[in-house]
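Structure, as structure tokens:
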Amino acid sequence: MRTGRIHVVATGGTISSHFDGTKWAELSGGDLVAELGELRAPVSVQDAATGDSASLTPPKMLEIVRAVEDALGAGADGVVVTHGTDTMDQAAYLADLFLGPDLRAPVVFTGAMRPHSAQDSDGKANLAAAIALAGEPDIARHGVVAVLNGAIHRAAELAKVDATRLDAFVSVPGPRLGRVGEPVADFGEPLRRCWQTPSCLKGGVRLLAAYPELEPELVAQFAASSRGLVIEVFGALNLPSGLWEVVHRLAHEGLPVVLAGRPYATGFNDEGLDFLGVVGSAGRSAMKARLALMAALGSASNRQGQMALLESYLKGAADS
Ligand code: ASP
């Protein structure tokens, strides 16, 4: 069992919200760690963001990733990020895209479904589990992970599927890595990782939910001011037929377009995608696909390189 130094990056969310009977307040990372009592490992703490995670923009998430990177660079033996659960899947995915390839120590996200002040608050147990997991060096080979309600998930597969239950998170497509307390040796295969560490995310990548009456003109208008487009579609990446023409045209004019399934689609029709000139999100949610496209556009200078990177980010390919 390791006893190295663990760094905690606190970023707000329900895990740190406390209601004292009259008003809500936000606890600092230091407050959260202090109530765990004596810990096996020395723990340092930093507050990198506050508030609801629904308001965390990708640049802000990138700041969180940088805080993690700095802590690793400064020699932490493991890093824990406390984060709102609404967008944890995105921040953890971004951290995995950027840091996963060379992760030298565990990076573990956690949060809570119940506020700190609730009787059945899960934050304390989740944070304790995350700190313990961050002290297990073997975890790093799985890339960035998250631990919630006793379950351990790869960041790339993390999905929140319920808004209120304590067991709100699953791995898609799964299986999850394991459960807290299981020996590390019982964990599944290591995540295959993408290889490049990009320094920026490109803005102007938009996300649109498709529905049968969505006007093609609207899609075209929306696309006109976009650097890239993610369209959330039905089932196994089925685009309403009224949109085939406009999407085909936009993609063939050079706009990167990704189709993401709703709900998470892991299988898809490659032929149809090729014809349209679009990329499938390979089971990643539309939100994650948007981050992957932003990272790909920000990481390679020409379109061919960008599209190759995008595929490797979405599919988790080891190299490209
Ligand atoms: N409102 C919260 C958030 O910041 C939800 C949570 O943390 O569970 O995402």
Side-chain angles (χ1 to χ4, degrees), residues 8-33 35-36 45-68 79-96 107-131 133-134 144-172 176 180 207 232 263-264 284-291:
V8 174
V9 179
T11 71
T14 292
I15 190 167
S16 51
S17 33
H18 186 92
F19 187 66
D20 68 5
T22 49
K23 59 181 179 344
W24 285 95
E26 188 160 296
L27 301 179
S28 69
D31 296 331
L32 297 179
V33 169
E35 68 184 8
L36 296 181
V45 189
Q46 153 186 18
D47 291 293
T50 56
D52 257 0
S53 71
S55 305
L56 291 178
T57 59
K60 188 69 199 173
M61 287 181 184
L62 202 53
E63 275 178 35
I64 295 169
V65 176
R66 290 204 180 105
V68 173
V79 179
V80 169
V81 180
T82 61
H83 200 285
T85 62
D86 287 344
T87 63
M88 185 189 297
D89 59 333
Q90 293 182 63
Y93 178 59
L94 202 57
D96 192 57
V107 175
V108 183
F109 276 67
T110 197
M113 293 302 295
R114 305 275 189 272
H116 178 268
S117 41
Q119 255 183 359
D120 58 347
S121 173
D122 49 336
K124 189 173 171 185
N126 283 347
L127 181 57
I131 290 174
L133 198 64
V144 175
V145 301
V147 63
L148 294 128
N149 198 44
I152 305 165
H153 309 275
R154 298 173 178 95
E157 300 195 337
L158 184 68
K160 184 177 176 183
V161 293
D162 195 280
T164 53
R165 291 166 59 120
L166 289 174
D167 60 347
F169 283 87
V170 298
S171 289
V172 179
R176 66 180 176 217
V180 167
L207 193 161
E232 196 183 47
Y264 304 100
R284 304 288 177 245
S285 66
M287 298 278 198
K288 283 181 180 168
R290 176 170 177 263
L291 290 171

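Just so it is clear, the structure is predicted and the values come from calculations on it, not from any experiment. Note: hydrogens, waters and symmetry copies are ignored here, and every other heavy atom, side chains too, is used. Order of appearance sets the numbers: ligands from 1, and atoms from 1 within every ligand.
Nearest non-hydrogen protein atom to atom 8 (O) of ligand 1 is T85 OG1, 2.4 Å. Scanning all protein heavy atoms for the shortest distance to atom 4 (O) of ligand 1 gives S53 N, 2.7 Å. Taking atom 1 (N) of ligand 1 as the reference point, the nearest protein heavy-atom neighbour is D52 OD1, 2.8 Å.
Checked for salt-bridge contact, E63 and R66 miss the test: no charged N lies under 4.0 Å from a carboxylate O.
The closest approach between any non-hydrogen atom of A112 and ligand 1 is below 4.0 Å.
Remark: K124 pairs with no residue by the salt bridge (Lys or Arg N to Asp or Glu O under 4.0 Å) rule, at least two apart or across chains. Partners of D86 according to the salt bridge (Lys or Arg N to Asp or Glu O under 4.0 Å) rule, which considers only residues two or more places apart in sequence or in another chain, are K160.
Y93 places none of its side-chain heavy atoms less than 4.5 Å from the side chain of S285. Looking at D162 and M113, their side chains never come closer than 4.5 Å, going by heavy atoms from C-beta outward.
Shown in contact with G13 at under 4.0 Å from a heavy atom are these atoms of ligand 1, numbered in order with element: 4 (O), 7 (O).
Where the criterion is an N or O separation shorter than 3.5 Å, residue side chain and backbone included, T14 meets it with respect to ligand 1. Residue H83 places no N or O, backbone or side chain, under 3.5 Å from any N or O of ligand 1.
Note that CZ of R176 and CG of L158 are 12.5 Å apart. Values are rounded to the nearest 0.5 Å.
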